[in-house]
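So the structure is just underneath, and the comments pick up after that.
By convention in this document, chain letters (A, B, ...) are assigned in the order of the sequence lines, proteins followed by strands, and residues within each chain are numbered from 1.
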Amino acid sequence: MTVRTRFAPSPTGYLHIGGARTALFAWAYARRHGGQFILRIEDTDVARSTPEAVQAILDGMQWLGLAHDEGPYYQMQRMPRYKEVIGQMLAAGTAYHCYTSPEELDRLREEQMAKKEKPRYDGRWRPEPGKLLPAPPAGVAPVVRFRNPTEGVVAWDDGVKGRIEIANAELDDFIIARADGTPTYNFCVVVDDWDMGITHVIRGDDHVNNTPRQINVLEALGAQVPQYAHLSMILGDDGQKLSKRRNSVAVTDYDERGYLPEALLNYLARLGWSHGDDEVFSMEQFVQWFDLDHITASAAQFNTEKLDWLNAQYLKSAADTRLAGEAARRLARRGIDPEAGAPLEKVAALYKDRATNLNELADALEPFCVVVHPSAEMIATHLTEAARGALKVLRDKLADCAWEKAAIGAVMKETLAACGMKMPQVAIPLRVVLLGQPQSPAIDAVVEVLGRTEVLARLDQYA
RNA sequence: GUCCCUAUCGUCUAGAGGCCUAGGACAAUACCCUUUCACGGUAUGAACCGGGGUUCGAAUCCCCGUGGGGACGCCA
C-alpha cells in the first residue's frame with residue numbers, strides 16, 4: 001500500500017502558519033514513505049471562498065517549497081460525484097430527508113442549552129421501523145441527514161493522540177446536504193478521502209470531533225477507514241490562540257519580515273515534533289527522520305526569538321548571491337537603486353553572519369548604495385578635531401595604496417602610529433564618515449568593498 | 001453545560017518503570033575573543049501542576065482534582 005496524504009485547506013484567506021505546519025507534516029509523511037502528497041481545495045463554502053485565497057494558498061505552498069504530487073482538486077468541481085453518493089445513501093437508507101427549518105433548530109438548541117444538555121438534532125425526521133413520520137410540509141426544501149448509529153462506540157488509534165473512543169450516543173444525525181442540495185464539509189471530506197485513496201489523514205486537532213462522524217459515514221459507505229493523526233494547535237507568542245490582530249499568521253508575512261523559507265520550515269518542524277536533540281537540519285534530513293511517534297500531543301507556543309535564531313543560522317550559511325538578490329529586492333522596494341553602489345554580493349558576505357533577517361541585511365547594505373548623512377549628534381561625538389586630522393592622514397594614504405584588505409589594514413596602522421592613536425579612535429570616526437554609523441564589520445574589509453572612489457569621496461566631506 | 005484532547009525549565013522539547021543528581025535548544029546572566037557592534041566560545045541560574053494509588057522502584061502506568069485547548073452550524 002502506498003502512502004497517500006493530503007492537505008485540504010479551505011480558501012477563505014491566506015495560508016496561515018498552523019496550516020503550513022500541517023501541510024509540512026503531511027508532505028513529509030508522504031515523502032518519508034515514498035508516497036504521494038495531494039492538494040485539495042475545500043471550497044464548498046461558496047460565500048467565503050475566493051479565487052484570491054486559492055492563489056494565496058498556492059503561493060504560500062510554493063514559497064515554502066511543499067510541492068504536491070496530485071491536484072489541486074477542487075471540491076466544487078466534484079459536485080456530481082457527491083450528489084451521486086448522496087443518492088445512493090438515500091436509497092440505502094443510511095441518509096434521509098429532514099424538513100426541520102433553521103429557525104426550529106435554533107429553538108431546539110436553545111432549549112437544550114437551557115437544560116444544560118449537549119445541543120443536537122433530536123431525530124424528528126429520522127425513519128425508524130414502526131415510527132410514523134410527519135407529512136413533509138409543502139414548499140419546504142429538505143436537507144439530507146446522515147443516519148448515525150445510535151449505539152456502540154466509534155474508536156480509532158490516532159497517530160498522535162493514541163486511542164480515542166467516542167460513544168455514538170454523543171453524535172447526532174448531521175447534515176450532509178443543504179436545502180439547496182450542496183453537500184457539507186463532513187460529507188465531502190469523506191467522499192474525497194475515499195475516492196482519492198487517502199491512507200493517512202494528517203490534520204489539525206480541531207477535527208478530532210469530526211472524526212467519529214466521518215468514520216461512521218465511511219463505514220456506511222463500505223469504505224476503508226484511513227489512519228488519522230491529529231496535530232495539536234499552535235498558540236501565539238503570547239500563549240493565546242493565534243489571531244490575525246496580534247500575530248503574524250500568514251505565511252507570506254514571514255517572507256515580508258525577512259525569513260528564509262527553510263528557516264521557517266525548520267522551525268515549524270521542531271514545533272511539535274522532535275528528533276532527540278537535533279535543532280538545525282535540512283528538509284532532506286527531516287524527511288528521513290520524520291515519524292508520527294515523535295509528535296507532541298499538546299499545543300505548542302510559537303516563539304519568535306527561536307525562529308530568529310534559526311533564521312540567523314540559515315542566513316550565515318546562505319549563498320552570497322542569493323542574499324544579495326534578496327536584499328536588492330528589498331532595497332528596490334524602498335526606492336533605492338541596489339546597483340548604485342558597491343557590489344552587493346561582497347557587502348552581503350560581510351554582513352550575513354550579523355543579521356537575523358533579510359530586512360536587517362538590507363538595512364546594513366543600504367549605506368553602501370546611497371549617500372550617507374551622519375546625524376549632527378554623531379558628527380559632534382565622533383568627528384573631533386583629532387579624529388578629523390587622523391582621517392585626513394588616512395585619506396592621503398588610502399589614495400595610493402594597494403586596494404585590498406591587508407594593504408588597507410597596514411595603512412590604517414601606519415596612520416595610528418603617525419597620529420599616536422589607538423585603533424578605535426580612528427576606526428569609529430571612519431565608520432561614521434563611511435556608513436553613517438559607529439558600528440560595522442572589520443573596517444578594513446568595509447573600506448575594501450566600498451571601493452576607493454567612494455571611500456575617498458566620503459572622506460573628503462569631513463576630513 | 002456536555003463531550004473530546006492535553007499537562008517536564010519563561011519558550012520549544014529529550015524522556016517508552018531503574019541509564020534522571022531530569023538532557024539539549026532559544027531566551028536570560030557572567031566571562032572570554034575582539035578594531036567598534038555583532039558572530040563565536042565557555043560557564044551559571046531555571047522544570048517533572050496537585051493529591052491519591054500500582055510497584056522493590058514512577059517524570060514515565062492508573063484514578064481524582066486543577067489549569068489549558070478543542071468541539072457541540074444548512075462553516076471548513
B/G1, B/A76, B/C12: which one has an atom nearest the side-chain heavy atoms of A/Lys116? B/G1
Taking the six-membered ring of A/Tyr259, is NZ or CZ of A/Arg257 closer than 6.0 Å to its centre and within 45° of its axis? no
A/Thr184 and A/Asn186: side chain donor to acceptor below 3.5 Å: no
Mind checking if A/Arg109 touches a base, just sugar-phosphate, or nothing, with heavy atoms under 4.0 Å? sugar-phosphate
Given the P atoms of B/A47 and B/U21, what is the spacing between them in whole Å? 15 Å
Minimum heavy-atom distance A/Gly19-A/Leu15, with the two atoms named: C-CD1, 4.2 Å
When you check the side-chain N and O atoms of A/Asp205 and A/Ser232, is any donor under 3.5 Å from an acceptor? no
Can you work out whether A/Gln313 or A/Arg163 has the more 5'-proximal nearest nucleotide on RNA chain B? A/Arg163
Find the partner of B/A25: check Watson-Crick (N1-N3 plus N6-O4 or O6-N4) and G-U wobble (N1-O2, O6-N3) distances, both under 3.5 Å, and reply none if neither fits. B/U11
With no hydrogens and no angle check, just 3.5 Å: does a side-chain donor-acceptor pair link A/Glu360 and A/Thr356? yes
Watson-Crick or G-U wobble partner for B/U55, using a 3.5 Å limit on both distances? none
My understanding is that a pair needs two contacts under 3.5 Å, Watson-Crick or G-U wobble. By that rule, which nucleotide pairs with B/G1? B/C72
Residues forming a ring pair (Phe, Tyr, Trp, His ring centres under 6.0 Å) with A/His16, sequence neighbours excluded: none
Write out a two-atom table: protein N or O, nucleotide N or O from nucleotides 41-45 of chain B, distance below 3.5 Å.
none

Between A/Ile428 and A/Arg48, name the one whose nearest nucleotide on RNA chain B is closer to the 5' end. A/Ile428
Would you check if the side chain of A/Trp27 reaches a backbone N or O of A/Phe37 as a donor-acceptor pair within less than 3.5 Å? no
Nucleotide by nucleotide, nucleotides 19-26 of chain B touches protein heavy atoms under 4.0 Å in the pattern (B base, S sugar-phosphate only, - none) ----BBBS
The criterion is side-chain contact (heavy atoms from CB on, under 4.5 Å); which residues satisfy it with A/Ala364, sequence neighbours excluded? A/Tyr351
I'd like to know if the side chain of A/Arg330 and the backbone of A/Asp363 have a donor-acceptor N/O pair within less than 3.5 Å. no
Which heavy atom in A/Tyr121 sits nearest to a heavy atom in A/Arg124, and how many Å separate them? OH-N, 3.5 Å
Classify the nucleic acid contact of A/Ala300 as base, sugar-phosphate or nothing, counting any heavy atom under 4.0 Å across all strands shown. sugar-phosphate
Rounded distance in Å between the P positions of B/A43 and B/A25: 10 Å
Where the side chain of A/Ser298 is defined as all heavy atoms beyond and including C-beta, which of B/G1, B/A76, B/A7 is the nearest nucleotide? B/A7
Name the nucleic acid region contacted by A/Thr44, choosing base, sugar-phosphate or nothing; use a 4.0 angstrom heavy-atom cut-off, strictly under. sugar-phosphate
Identify whether any heavy atom of A/Thr356 sits under 4.0 Å from a base atom; if not, whether one sits that close to sugar-phosphate; answer base, sugar-phosphate or nothing. nothing
Could you give the distance from CD (A/Gln227) to CG (A/Asp157), rounded to the nearest 0.5 Å? 8.0 Å
So, with a heavy-atom separation below 4.0 Å from RNA chain B, the residues of residues 437-445 of chain A are A/Pro438, A/Gln439, A/Ser440, A/Pro441, A/Ala442, A/Ile443, A/Asp444
Distance between C1' atoms of B/G52 and B/A58 (Å, rounded): 14 Å
Under 4.0 angstrom, heavy atoms only, what part of the nucleic acid is A/Lys316 near: base, sugar-phosphate, or nothing? sugar-phosphate
Would you check if there is a donor-acceptor pair between the side chains of A/Thr44 and A/Arg78 at a distance under 3.5 Å? no
For A/Ala348 and A/Ala324, which heavy atoms make the closest approach, and how far apart are they? CB-N, 4.3 Å
Does OP1 or OP2 of B/U13 have a side-chain N or O of A/Thr296 closer than 4.0 Å? yes
Could you measure between the two P atoms, the one in B/G23 and the one in B/G15, and give it in whole Å? 15 Å
Write down the partner of B/U42 under the Watson-Crick or G-U wobble criteria, each distance required to be under 3.5 Å. B/A30
I want to verify the glycosidic state of B/C20; is it syn or anti under the 90° rule? anti
Distance between P atoms of B/A27 and B/C12 (Å, rounded): 15 Å
Could I get a table of every N or O pair under 3.5 Å where one atom is in the protein and the other is in nucleotides 68-71 of chain B?
unit_1: B/G70; atom_1: N2; unit_2: A/Asn209; atom_2: OD1; d: 3.3
unit_1: B/A71; atom_1: O4'; unit_2: A/Asn209; atom_2: ND2; d: 3.1

Just checking, A/Arg270 and A/Trp309: is the charged tip under 6.0 Å from the six-membered ring centre and within 45° of the axis? no
Would A/Tyr314 and A/Asn266 count as having a side-chain donor-acceptor pair, cut-off 3.5 Å? yes
